[in-house]
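The structure appears right after this line, and notes come after that.
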Number of protein chains: 2
Amino acid sequence: MSTTQMMKGILDGCLLAIIKDTEVYGYELAEKLEDYGFHSFSEGTIYPLLMRMQKEELVTSTLKKSTAGPRRKYYSLTEKGESELQHFMERWQTLQASVNRVLSDETK
Amino acid sequence: MSTTQMMKGILDGCLLAIIKDTEVYGYELAEKLEDYGFHSFSEGTIYPLLMRMQKEELVTSTLKKSTAGPRRKYYSLTEKGESELQHFMERWQTLQASVNRVLSDETK
DNA sequence: TTATTTACCTTGTAATGCAAGGTATTTGTT
DNA sequence: AACAAATACCTTGCATTACAAGGTAAATAA
């Protein structure tokens with residue numbers, strides 16, 4: 001994955017990081033992201049993304065009964081997903097460094 | 001601009017920052033970005049983006065003769081562009097903080 | 001005069017973010 | 001029992017983006 005494509009994939013990486021820590025379901029993720037300071041990631045963004053990541057075998061899912069509502073689809077990381085998360089973190093470091101360099105160099 | 005749209009706009013902000021510092025032309029920008037650690041931003045990405053930013057009145061351009069080749073289109077920031085750069089930097093700080101929080105929280 | 005380098009721009013494609021809408025399940029209320 | 005409300009999932013269609021690939025033009029060098 002190039003730096004460029006990473007631009008579009010920051011959310012992907014964040015989801016992987018959250019899923020690695022605890023099994024979560026999509027609806028919950030939308031709320032968690034709010035807590036982390038990302039506002040306005042709608043379900044229309046999150047569900048397609050989760051499905052894409054499953055297709056790419058970065059995550060797996062299992063349905064579990066809810067106490068209040070329909071079944072929840074819980075996601076966990078695969079080994080491939082963990083490896084992708086690792087790569088993402090490296091790319092994020094690089095991007096962060098590059099952007100900060102531009103911003104501090106060029107705007108003193 | 002929401003956080004989400006900012007994801008797509010990191011390059012925009014970096015261009016604004018570079019242009020603020022020195023008048024540059026598009027072809028040159030592609031090379032400068034390499035130096036800053038962003039590899040593989042092609043002209044097909046940069047020219048349309050510059051034209052979009054001009055349409056949005058964030059930059060202006062003037063043609064100047066080159067010593068070796070066709071005329072160069074030099075870009076400078078407008079006041080609106082400076083203000084947009086300021087906003088971008090704030091959004092970038094927020095995004096950076098959010099992503100880093102997720103990554104350190106969730107992957108200990 | 002032909003090739004090379006510099007420099008700009010356009011077209012078409014794939015992927016993204018998202019608003020808007022739709023479906024299904026459980027619990028609580030009337 | 002009937003209905004509303006909350007939970008939870010998914011789809012559709014649109015605008016935007018990144019970009020490869022190609023095209024144009026100007027200056028210099030061979």
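Reminder, nothing fancy here: chain letters follow the sequence lines and each chain counts from 1.
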Residue set satisfying ring pair (Phe, Tyr, Trp, His ring centres under 6.0 Å) with A/Tyr25, at least two apart, ordered chain then number -> A/Tyr74
Who pairs with B/Tyr27 by ring pair (Phe, Tyr, Trp, His ring centres under 6.0 Å), at least two apart in sequence or on another chain? none
If I take atom [atom1] in residue [X] and atom [atom2] in nucleotide [N], what distance separates them, rounded to the nearest angstrom?
{"X": "B/Lys65", "N": "C/dA7", "atom1": "NZ", "atom2": "P", "answer": "16 Å"}
{"X": "B/Arg52", "N": "C/dC9", "atom1": "CZ", "atom2": "P", "answer": "15 Å"}
{"X": "B/Leu49", "N": "C/dC8", "atom1": "CG", "atom2": "P", "answer": "14 Å"}
{"X": "B/Met51", "N": "D/dT17", "atom1": "CE", "atom2": "C1'", "answer": "14 Å"}
{"X": "B/Leu95", "N": "C/dG17", "atom1": "CG", "atom2": "C1'", "answer": "15 Å"}
{"X": "A/Leu29", "N": "D/dC9", "atom1": "CG", "atom2": "P", "answer": "9 Å"}
{"X": "B/Leu50", "N": "C/dT10", "atom1": "CG", "atom2": "P", "answer": "12 Å"}
{"X": "B/Leu11", "N": "D/dT17", "atom1": "CG", "atom2": "C1'", "answer": "10 Å"}

Reported CG-to-CG distance for the pair B/Leu29 and B/Leu49, which is rounded to 0.5 angstrom: 10.0 Å
Name all residues meeting the side chain to side chain contact (heavy atoms under 4.5 Å, CB included) criterion together with B/Thr60; count only those two or more places apart in sequence or in a different chain, and write none if there are none. B/Ser76, B/Thr78
Using a 3.5 Å distance criterion without hydrogens, assess whether the side chain of A/Ser83 forms a donor-acceptor pair with backbone atoms of A/Glu79. no
Counting only N and O atoms by type, is there a donor-acceptor contact under 3.5 Å from the side chain of A/Arg72 to the main-chain atoms of A/Ser66? no
Contact between A/Phe38 and A/Cys14 at the side-chain level, heavy atoms closer than 4.5 Å - yes or no? yes
Would you call B/Asp12 and B/Phe88 a side-chain contact if the rule is heavy atoms closer than 4.5 Å? no
Salt bridge present between A/Glu84 and A/Lys80 (N-O < 4.0 angstrom): no
Within the 4.0 Å limit for protein heavy atoms, which parts of nucleotides 1-8 of chain D are touched? Write it as a string from 5' to 3', B for base, S for sugar-phosphate only, - for none. ------BB
Show me the protein contacts with nucleotides 28-30 of chain C, counting only N or O atoms at under 3.5 Å.
none

Looking at every non-hydrogen atom in both residues, tell me the closest pair between B/Ala17 and A/Leu103 and how far apart they are. CB-CD2, 3.8 Å
Given B/Leu15, which partner from the list B/Val24, B/Leu77, B/Leu33 fulfils the side chain to side chain contact (heavy atoms under 4.5 Å, CB included) test? B/Leu33
May I ask you to list the residues of residues 53-63 of chain A, by number, that have any heavy atom positioned under 4.0 Å from an atom of DNA chain D? none
